[in-house]
Structure formats: C-alpha cells, structure tokens
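Below is one structure; the comments refer to it alone.
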Amino acid sequence: MLQSALFTKTRKEIPADEVSKNAILLIKASFVNKEMAGVYSYLPLGLRVIKKIEAIIRDEMNKAGGQEVLMSVFHPKENWEKTGRWNSMDDLYKVKDSSDREVALGPTHEEMVVPLVQQYVNSYRDLPLSVYQIQNKFRMELRAKSGILRGREFIMKDMYSFHKDEEDLKNYYEKMQVVYKNIYDRVGIGHQTYMTFASGGSFSKFSHEFQTVTEAGEDTIYIDEEKGIAVNKEVLNDEVLAELGIDRSKLVEKKAIEVGNIFELKTKYSAPFDMVYKNENDENITIIMGCYGMGVSRLMGTLVEVCSDDKGIIWPEAVAPFLIHLLPLGVSENVSEEAKKIYNEFSKKGFEVLLDDRSLNAGEKFADADLIGLPYRVVVSERSLKEGGVEVKRRAEEKGEVMAVDKFIEMLKA
RNA sequence: CGGGGUGUGGUGUAACGGCUAACAUUCCUGUUUUGGGAACAGGCGACUCUGGGUUCGAAUCCCAGCACCCCGACCA
C-alpha cells in the first residue's frame, strides 16, 4: 500500500481529554476515530489489525471445532424476559421501534443462540456442538473509559458449546483453556497473560479469566508464577487458595486487563428455554452449555498498552497492519525508482509493505514510522544504496543494519 | 448512578465584561529544503456546546440542559 493513498494521516496533537495510552496512540497514529464516549470507528490501519486478530481467533476456533455464524444484533424482548435478564442486566441497551415494540441490542448472545440451536439440535447424535461469532456488542456502560478497553460498542468473539453431560463440557472447557492460551501466544502477549480464577456466578464455582498484566489494567490479580496461574482479587480467600493448592506467600499482586472469560454455564440458559435432547433411552435431557468470550477490540487496545514506547506502537508481527515500512529518503529519482522496485519485490514475495512515498523530510517519515509501529523499517537512500542495499531496523530495536534486499528477504523467510 | 472538572476554527492553546476573537498546527498556492517532526511568503477555515438570563455591551458573569474527561460505584 502506498502511504500517500491512505486517506488517514497521523496527528501531531491529540484531543486534550484523552489520557489512556491506547487511545492516545491509536488516535495519533489514526488507527481509530472516536465517535462518542466508548464508541470508536476503525480506520484502514486499525481495521487491518482487527482483521489480523480475528483471523487468528477464527483459526483457533475452527480448529477447536467451532462453526462460525453471525447472529442478529436486535434481540426480541421475550427472549430476555425468559432468562430474567431483561430487567436484571443494567447495561442492556433497549430500543423502541416505530410500533413501540421494545428490542435489545445484543450485549452477549445466550438468549439468541439457545433458541437458535434448539431448532436444529434434538438428539444426542447432534452433540456436542459449538458455534461462535465475531460481532459488535453493545453494553450501556455507565462510565466508558480507558480508550477502546471499555466501550459501549465493541467487537467481541463469543462462542457457545452444547454438551450431553457435564463430563463432556468439562473436557471441552479444558480444551478451550489451551486454545485461549494459544491465541494470546500467537498475538504476542502470551508471556504476560495468565489464566485467572474468577467468580463463576451462581451456577459454577469459578469462571476463568485471561488476564494480561499491565499497569493499565482495571483488575487486580494474584499470580503464582510457578504454577503459571492467577486468582482474581474478587474471589481471593483462604478457602479458595486451599482448594486450588496455592500458597498465599508465593502470590504476587498485579494489575491486569481481562482479555477473555470462559464459563461453564451448564443449564443456566438452556433450562429457561427448555432446551433438551433425546438420549439413547428416549429421555429428555437438558443440554449442558459453556460459553467463551474474547474482546477483539479490547485485545487490540491491550496490545497497544503492552507493546509501545514513548514514540509509538510496537506491533507484534502477527497482528501488525503491515510487516514492513519502506521509507525512501531524499529526492533522488534513483532512490524512488529503487524503492518502487523493492516495494514490488516485497509484494511479489507476499510480504505486506507500506511504502512511504510522500515527499517529506526524513525526520517526519521516521517519526510516523515509529508512531505507526510496523515491525520492520526499511530505509532506501543514496547512502544506503552506496553501502550496498537498504537499512533494516526492527521497531523494537535502536540500531539498524544495512543489507542487500535479498538478504533481508532470506531473513524474513527464516 | 454519586462526586469533581472541562467545553473557543479539524487539532492544541490565548483573549481585563469593551477594537474585526489572537497564536500554533493541519489544509491550499508558490519558492527553497531532504538521514530524526524543515525555511520563507501568501491564503482558506469560528454564529466561542445549546437555550435562557444579567448588562449600554458577554467567549468572559448567572441559571438550566447537553457533551466529554477523571475518581468512585457497577461490570457473564
């Protein structure tokens, strides 16, 4: 992609009322645009990141046997009355249509997925089943904050699994714990993301959160580094520690962002809809469920919080909007022609590259490159050409190295 | 939802109750410049959040509303 063709551009100044790092950097680098409190639009660069994250999640969900669907955003009121959440969920958006009928905007989809799957799943032969979707969710947060970390409209992956018994749910649930860990590894924050025991609500002892350690987090967790797990402050007590076999003296307190949450729902939502299957003995058995949430936009915000410095973002390769930022410097035609050639070569080899073809000073291009944060900065100039190629610098490192383009491509392949 | 704060060109700021609301940046024109946010010249861009009120006169004072931010509460 040619940078001159990007309709967005970076800013030198950002709105004065932004304080959270993710919002400041994402707005400054024009990945997102704020529309109202807790509501953001995704611009070309930001959307590319979202798509990368989604692709990784999809891949892992599909490998775990999930089938992707896209359910409606509008939810009939009756469904929510059935589970009792029409009145009990404070942050439910309720809207009226022209005939004064009330509907909800989906904050989560248990009330929709159960009646949907119920139509098709009647027998033990249809189980187990898991379906998921990636979609904008709506929650009327009384106080949206922390940039894209806690919005009123946000992108979330939600998966729901259906099982014949608790044993089967348990197996799948444990498998999903590994799947979640894989996703955080792949997007680049696995080493600081902990599976965390958290409140399970009225229907199971615990749920499991996935918490990424950073000062920007809203949650407080206690980590047992040896075991690689953590306990959320909200459920921490001696009884719980004993049950989990955790020694209190080994726990370290940290702030963290909740980037995922999985629950054993059991019959919490299947029962109100009388969602049953026939077993081998012609008996009606209530279906057992699990649900698995992951905030896609929140994950993007978390990445910025965790992977950035005072100059800008440092995208992990797996989710970077482009892999390479190609910067021709100077006005020589030789350089711009060479840059074009290199650009084509990268593209042909399948590497995503952003070519800064704007006629700006070196300093401005460097500043933008640091801000946007692509993993590799490749400079082409009279100087680099004289020294035998291009200057390659990783965003995360201070120093670059001049090398031939072929050698760089070899390096990328390795 | 409780408490606090802030609303001025797209963005960041300035302006004693009193001249045509100023400066920077962005953007446009031109000349120059090109390895760490360049220089010069010229130009476009504002019903000062909205509605009331006080006053000869309001960006400025008062009231109400709205929006945004922060702290707290809330958060499958």
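Naming convention: chains lettered A, B, ... in sequence-line order (proteins, then strands); numbering from 1 in each chain.
Taking every heavy atom of residues 375-398 of chain A and every atom of RNA chain B, pairs under 4.0 Å involve A/Arg377, A/Val379, A/Ser381, A/Arg383, A/Ser384, A/Glu391, by number.
Within the nucleic acid shown, A/Pro107 has no heavy atom closer than 4.0 Å to any nucleic acid atom. At the heavy-atom level, A/Asn361 lies under 4.0 Å from base atoms of the strands shown.
Side chains of A/Gln211 and A/Tyr194: a donor-acceptor N/O pair is absent below 3.5 angstrom, by distance only.
Residues meeting the salt bridge (Lys or Arg N to Asp or Glu O under 4.0 Å) test with A/Asp219, sequence neighbours left out: none. Residues that satisfy the side chain to side chain contact (heavy atoms under 4.5 Å, CB included) test with A/Lys82, not counting sequence neighbours, are A/Phe273. Take A/Ser199 and apply the side chain to side chain contact (heavy atoms under 4.5 Å, CB included) test, not counting sequence neighbours, and it matches A/Glu234, A/Val235. Listed by chain and number, the residues in a side chain to side chain contact (heavy atoms under 4.5 Å, CB included) with A/Asp90 amount to none (sequence neighbours excluded). Every side chain to side chain donor-acceptor pair (under 3.5 Å) that A/Gln135 has, sequence neighbours left out, goes to A/His109, A/Gln133, A/Lys137. By the salt bridge (Lys or Arg N to Asp or Glu O under 4.0 Å) test, A/Glu111 is found to be paired with A/Arg85, residues two or more places apart in sequence or in another chain being considered. With sequence neighbours left out, the side chain to side chain contact (heavy atoms under 4.5 Å, CB included) criterion links A/Ala362 to A/Leu329, A/Phe366.
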Listed pairs, N/O of protein and of nucleotides 24-31 of chain B, under 3.5 Å:
none

Under 3.5 Å between N/O atoms: give me all the protein pairs with nucleotides 68-70 of chain B, atom names plus distance.
{"residue": "B/C68", "atom": "OP1", "partner": "A/Ala37", "partner atom": "N", "Å": "2.9"}
{"residue": "B/C68", "atom": "O2'", "partner": "A/Asp17", "partner atom": "OD2", "Å": "2.5"}
{"residue": "B/C69", "atom": "OP1", "partner": "A/Lys34", "partner atom": "NZ", "Å": "2.6"}

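Among residues at least two apart or in separate chains, salt bridge (charged side-chain N to carboxylate O under 4.0 Å, His left out) pairs with a member in residues 184-199 of chain A are A/Asp59-A/Arg186, A/Glu60-A/Arg186.
Side chain A/Asp370 to base B/G36: a donor-acceptor pair is found below 3.5 Å.
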Next item on the list: Fill in the dot-bracket string of RNA chain B, one character per base: . for unpaired, | for a pair to another strand, ( ) or [ ] for pairs within the strand, taking Watson-Crick or G-U pairs under 3.5 Å.
Entry: (((((((..((((....[...)))).((((((.....)))))).....(((((..]....))))))))))))....

